[in-house]
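Contents: one structure, followed by commentary.
Throughout, a chain's letter reflects where its sequence line sits, starting with A, and its residues are numbered from 1.
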Number of protein chains: 2
Amino acid sequence: MSSDERRAEILLAAHAVFGARGYEGATTDEVARAAGVSQPYVVRLFGTKESLFLAVLHDALDQLLDGFRAELTSADDERSVQDRMGTAYLELLQVRGLHQTLSHAFLLGGHPVIGPAAREGFIKVWRFLRDEVGFDADTAQAFLAEGMLINTMIGLRLIDEVDADDGIHELFETCFPTTMRAVRDVAPRGDEPW
Amino acid sequence: MSSDERRAEILLAAHAVFGARGYEGATTDEVARAAGVSQPYVVRLFGTKESLFLAVLHDALDQLLDGFRAELTSADDERSVQDRMGTAYLELLQVRGLHQTLSHAFLLGGHPVIGPAAREGFIKVWRFLRDEVGFDADTAQAFLAEGMLINTMIGLRLIDEVDADDGIHELFETCFPTTMRAVRDVAPRGDEPW
DNA sequence: GTCTATAGGATGATAGAC
DNA sequence: GTCTATCATCCTATAGAC
């Protein structure tokens, strides 16, 4: 396999591992095993754990903005822009760990290397919503806020509780109005490693 | 100093350290130094790092609900319930790291011990907003969502960017309508450890 | 392109003194 | 109630072979 293909595989695995355990909690060894390679090889390809995390962060932001742009330019649709952006956001749940990795990064603002990268990424998203999508400040803020709540609910593995707790079922229906069934299919579950 | 007083001091320090670095990133040694005691003594008082984190998590949830309840019962006020709950939430920024610790915990849903505790806490907050505060599902969801966005912005140390970036200034004004100056005084900043 | 072996450093927890 | 000393584990990163 080419080095580029391996990098892509490792990146995919790293989304899941960093997403589930966070930057410090994740180990390069677990990423390696999830990708089916040896731990030193992960380090060889990405230099350090830190730069691997940065690569995952940038990849997540790229996929996020690309997903938004794709929905934005597919004009054959009568849904509102807000609906479309929401759909694009939930589509990305198929990349296991992406949302959680973003949230983890956003909590590390005090980190000397990850902090600046995370701030830059967050600001880029805000700019995109305001300038390219055309949301006004209140709409962009509400959209972002709902996104953070979704990340939280995914990270909490709250979905495992949906069938047991009626109040939470209600919260899920409010957050995932039309897509709830789809979300339940792709969201990470408690029976996965960690 | 009595054991209880020490526990309280360590708990306070642990909020800040866990909030800034996350559960895995934080070290018991850093908590100890922040509290002015030795590392083994922290372990002695709390058993393990894990149970220290659980203690911090429970303390954060207690302070959160207590803060909400206090605002709820102080009737000498014409502000809306929503405004009051928002104020109570921002007041807690004075407990350095509390919001970020909550967010960190909420991202660890896959952890065998922290996961269940975090889910339970989150559901308790949801129940409180619905049953005791009386929010309808949409209001409670929006309130929670905005809370998660605030946590994110605090964790990102975005406040350092407010003066440099007009778009972010706008986001802050939307999130912290009346309290922005107060928030800027209490929010963690980049020049703190990490 | 990928692995095995391993060095080196950090960290949670224990033992035991005062 | 609190500390010093220290063990054992885990983890990132390097060396070097195939």
When you measure from the side-chain N and O atoms of B:T28 to the phosphate of C:dG12, is any distance below 4.0 Å, counting only OP1 and OP2? yes
Of the options D:dC3, D:dT14, C:dT2, whose atoms approach the side-chain atoms of A:M1 most closely? C:dT2
Output the rounded distance in Å from CD (B:E5) to P (D:dT2). 9 Å
What is the distance, to the nearest angstrom, from the CG atom on B:D29 to the P atom on D:dC3? 12 Å
Mind calculating the distance between CD (A:E24) and P (C:dT11) to the nearest angstrom? 9 Å
Salt-bridge contact B:R119-A:E161 (side-chain N to carboxylate O under 4.0 Å): yes
Both A:L45 and A:P40 contact DNA chain C. Which one's nearest nucleotide lies toward the 5' end? A:L45
Side-chain touch A:S3/A:R6, heavy atoms, less than 4.5 angstrom: no
Taking atom C1' of C:dT4 as reference, at what distance in whole Å does atom CZ of A:R44 sit? 13 Å
Whole-Å distance separating the CZ atom of B:F53 from the P atom of C:dG12: 14 Å
How many Å lie between OH on A:Y23 and P on D:dC11, as a whole number? 14 Å
Salt bridge (Lys or Arg N to Asp or Glu O under 4.0 Å), that's the test. Do A:E132 and A:R69 meet it? Break it down for me. CA-CA 9 Å; A:E132 293 192 45; A:R69 282 202 186 93; 3.2 Å; yes
Check the pair B:R33 / B:E30 against salt bridge (Lys or Arg N to Asp or Glu O under 4.0 Å), numbers first and verdict last. CA-CA 5 Å; B:R33 272 185 281 110; B:E30 194 172 8; 5.9 Å; no
What's the CG-C1' distance between A:D4 and C:dT2, to the nearest Å? 16 Å
Counting the atoms with a prime plus P, OP1 and OP2 as sugar-phosphate, which does B:S38 contact under 4.0 Å by heavy atoms, base, sugar-phosphate, or nothing? base
Checking all strands, does B:A32 fall into the base, sugar-phosphate, or nothing category for heavy-atom contacts under 4.0 angstrom? nothing
Give the rounded distance in Å between these two atoms: OH of B:Y41 and P of C:dG12. 19 Å
Tell me whether B:R130 forms a cation-pi arrangement with B:F135, defined as NZ or CZ under 6.0 Å from the six-membered ring centre and within 45 degrees of its axis. no
Which comes earlier along DNA chain D counting from the 5' end, the contact point of B:Q39 or that of A:Q39, where each point is its nearest nucleotide? B:Q39
When you measure from the side-chain N and O atoms of B:R6 to the phosphate of D:dT2, is any distance below 4.0 Å, counting only OP1 and OP2? yes
